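See below for the structure under consideration.
Values below: every heavy atom of this structure, side chains too, minus hydrogens, waters and symmetry copies. Residue numbers count from 1 along this sequence. Model, not experiment: these values are computed from the prediction.
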Amino acid sequence: MAQGMDEEKAKQEAPLIKEAHEMLVKWEQNDPEVRALWEKMNSWVYAGFDETYKKLGVSFDKIYYESQTYLKGKAKVEEGLAKGLFERHEDNSVWADLTAEGLDQKLLLRSDGTSVYMTQDIGTAEMRFNDYPIDQMIYVVGNEQNYHFQVLSILLDRLGFKWGKELVHFSYGMVELPNGKMKSREGTVVDADDLMDLMVSDAYRTSMELGKFNDITEEERREIARIVGMGALKYFILKVDARKNMLFNPEESIDFNGNTGPFIQYTHARIRSILRKAESQNSQLAIVNCQLNPKEIELIQKMSEYSAAVEQAGKDYSPSGIANYCYELTKIFNQFYNDYSILNEPDEQKKQVRLVLAKNVAKILKNGMALLGIEVPERM
């Protein structure tokens with residue numbers, strides 16, 4: 001660029017870019033040295049991925065590697081070329097003309113025959129639908145790739161895949177921290193492992209300061225801090241509509257009051273403590289015929305909405321619906337608990353009803369948070 005080239009031309013002429021592209025060509029030609037280096041580096045990356053995903057509690061039924069799908073993608077592009085769906089330019093590159101759809105020309109194969117992301121995604125999509133009897137494919141990818149998936153849907157439809165038009169790009173917003181965006185390509189990425197470690201240590205420190213770790217072993221403290229820290233991280237992100245950009249504040253997320261993961265987790269632990277004490281007192285948990293107060297009725301009505309909240313979250317592709325339902329239920333329970341005693345209720349029938357209500361609130365909170373990939377501790 002200092003020599004007068006525009007940014008696009010400078011990128012093409014940069015020595016490191018040229019060297020990387022030469023390696024890509026060799027890789028597609030199965031060059032032994034390049035392939036060996038690639039396999040070594042990939043093994044480091046996958047080991048790191050596995051460690052991070054394990055911390056997050058994330059697992060996959062099947063992983064598709066671009067290195068295994070690009071040939072299928074190239075074959076589909078060549079097939080489309082033969083049918084006149086795409087066009088080959090003078091430099092031997094293959095393009096799709098999308099001007100009729102209000103877009104531009106899209107590169108599918110470079111002049112040297114190497115594939116691009118779009119080519120690989122075409123191959124991967126075909127493999128997924130062949131492997132699984134699914135009705136719809138949902139890509140959960142950031143909003144910076146809106147154009148890419150718009151094009152992919154058009155190309156799959158053009159190639160004759162009936163599910164091409166039904167492709168869903170769940171376009172989520174960017175997560176920002178007080179010190180920058182979490183965007184790897186701009187060099188401002190926040191290391192996920194560092195962030196998780198920070199959340200767990202913050203949960204440990206906050207719990208100690210609030211006296212919630214009294215009378216438990218150090219091992220229990222560490223485990224609870226892990227559950228609370230990871231719950232705070234996941235909940236703070238999932239409670240917001242994923243399509244919107246958001247600011248993640250670690251300190252705010254670890255608060256034991258308000259719309260946070262620790263608030264819901266602590267309420268669950270409180271209920272479990274109540275139930276343990278009731279068991280030690282040989283108290284009965286049974287539905288009996290007695291007059292319900294307005295708070296108890298409100299609690300029952302809210303619990304009855306759980307299945308509808310889950311169903312709607314599925315229709316909207318929005319975990320935030322489940323997160324906010326759990327918060328609303330937690331809030332109503334705490335208001336009820338603040339106004340009415342459970343274990344010290346002198347009327348045995350009322351006591352039994354309240355214990356049943358508390359037990360079911362805990363059950364719903366545990367199930368709802370599990371749908372978000374969040375654990376709830378038995379004690380805090």
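- Surrounding CD of Glu209 are more than 12 heavy atoms belonging to other residues, nucleotides or ligands, all under 6.0 Å away.
- Under the 4.0 Å criterion applied to side-chain N and carboxylate O atoms, Lys315 and Glu311 are assigned as salt-bridge partners.
- Once rounded to the nearest 0.5 Å, the distance linking CG of Asp97 with CG of Leu85 reads 12.0 Å.
- Note on Leu238: it does not cluster hydrophobically with Leu247, by side-chain heavy-atom contacts below 4.5 Å among ILVMFWY residues.
- The pair Arg205-Asp202 meets the salt-bridge criterion, with a side-chain N (NZ, NE, NH1 or NH2) lying under 4.0 Å from an Asp/Glu carboxylate O.
- The backbone N or O of Ala269 sits nowhere less than 3.5 Å from a side-chain atom of Ser273 that would complete a donor-acceptor pair.
- Salt bridge Glu218/Arg222: present, at least one basic N to carboxylate O contact under 4.0 Å.
- In summary, the side chains of Tyr147 and Asp104 do present a donor paired with an acceptor at a separation below 3.5 Å, with no hydrogens or angles considered.
- The aromatic rings of Phe149 and Tyr139 lie tilted to each other, with the angle between the two planes from 30° to 60°.
- Leu24 and Leu16 are assigned to two separate hydrophobic clusters, defined by single-linkage of ILVMFWY side chains at heavy-atom distances under 4.5 Å.
- Note: the hydrophobic cluster containing Phe129 also contains Val141 (ILVMFWY, side chain heavy atoms under 4.5 Å, direct or indirect links).
- Neither Tyr64 nor Trp38 shares a network with the other; the hydrophobic side chains, linked directly or stepwise wherever heavy atoms of I, L, V, M, F, W or Y lie under 4.5 Å apart, form separate groups for each.
- Judged by a 6.0 Å distance limit and a 45° cone about the ring axis, Arg88 is not positioned over the six-membered ring of Trp95.
- Without hydrogens or angle criteria, Lys302 side chain to Phe333 main chain gives no donor-acceptor distance under 3.5 Å.
- Using a cut-off of 4.0 Å between Lys/Arg side-chain N and Asp/Glu carboxylate O, Lys26 and Glu22 are scored as not salt-bridged.
- Taking the side chain as every heavy atom from C-beta outward, Val240 and Ser320 never approach each other to under 4.5 Å.
- You'll find the side chain of Leu155 reaches within 4.5 Å of the side chain of Leu98, heavy atoms only.
- A 4.5 Å side-chain heavy-atom check between Glu66 and Tyr117 finds at least one atom pair inside the cut-off.
- At a cut-off of 3.5 Å, with distance as the only test, a side-chain donor of Gln312 or Asp316 sits close to an acceptor on the other residue.
- Using a 4.0 Å cut-off between charged side-chain N and carboxylate O, Glu28 and Arg110 make no salt bridge.
- With respect to Lys55, the salt bridge (charged side-chain N to carboxylate O under 4.0 Å, His left out) criterion is satisfied by exactly one of Asp193, Asp194, Asp50: Asp193.
- Of all the heavy atoms in Ala225 and Phe213, the pair that sits closest is N-CZ, 4.1 Å.
- Here the side chains of Val77 and Met118 are not in contact, with every heavy-atom distance at 4.5 Å or above.
- Within a 6.0 Å sphere centred on CD of Gln281, other residues, nucleotides and ligands contribute more than 12 heavy atoms.
- The environment of NZ in Lys366 is sparse: at most 12 heavy-atom neighbours from other residues, nucleotides or ligands sit within 6.0 Å.
- Judged by a 6.0 Å distance limit and a 45° cone about the ring axis, Lys295 is not positioned over the six-membered ring of Tyr340.
- Using the six-membered ring where Trp is involved, Tyr325 and Tyr306 have ring planes that are tilted, between 30° and 60° apart.
- Between Thr119 and Tyr70 the shortest side-chain heavy-atom distance does not fall below 4.5 Å.
- The distance from atom CD1 of Ile322 to atom CG of Leu371, rounded to the nearest 0.5 Å, is 4.5 Å.
- When all heavy atoms of Leu108 and Val116 are compared, the pair lying nearest together is O-CG2, 3.5 Å.
- Here the two rings, on Tyr46 and Tyr65, have centers that are under 6.0 Å apart.
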Begin with the C-alpha distance, continue with both residues' side-chain angles, and end with the deciding distance and a verdict on salt bridge (charged side-chain N to carboxylate O under 4.0 Å, His left out) for Lys106 and Glu101. CA-CA 12 Å; Lys106 182 62 183 177; Glu101 285 83 1; over 6 Å; no

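- Two residues are said to be in side-chain contact when any heavy atoms from C-beta on lie closer than 4.5 Å; Lys351 and Arg354 fail this criterion.
- Using a 4.5 Å heavy-atom threshold, the side chains of Ile154 and Asp157 count as separate.
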Given salt bridge (charged side-chain N to carboxylate O under 4.0 Å, His left out), test Arg276 with Glu279 step by step and report yes or no. CA-CA 5 Å; Arg276 283 193 298 272; Glu279 190 177 334; over 6 Å; no

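- Within a 6.0 Å sphere centred on CG of Asn344, heavy atoms belonging to other residues, nucleotides or ligands number 12 at most.
- For Ser171 and Asn146, the side-chain atoms include at least one donor-acceptor pair closer than 3.5 Å.
- With hydrophobic clusters built from ILVMFWY side chains whose heavy atoms lie under 4.5 angstrom apart, Trp44 does not share a cluster with Ile63.
- Cation-pi geometry between Lys239 and Tyr327 is not satisfied (NZ or CZ under 6.0 Å from the ring centre, within 45° of the ring normal).
- Salt bridge status for Glu79 with Lys72: absent, with no side-chain N to carboxylate O gap under 4.0 Å.
- Residues Glu296 and Lys350 are not paired through a salt bridge, judged by the lack of any N-O separation under 4.0 Å between the basic side chain and the carboxylate.
- The closest side-chain heavy-atom distance from Gln105 to His89 is below 4.5 Å.
- The neighbour count for Asp91 CG, taken as heavy atoms of other residues, nucleotides or ligands under 6.0 Å away, is above 12.
- For Gln3, the CD atom is loosely surrounded, since the number of other residues' heavy atoms within 6.0 Å does not exceed 12.
- With respect to Lys331 and Glu328, a salt bridge is recorded, a charged nitrogen being found less than 4.0 Å from a carboxylate O.
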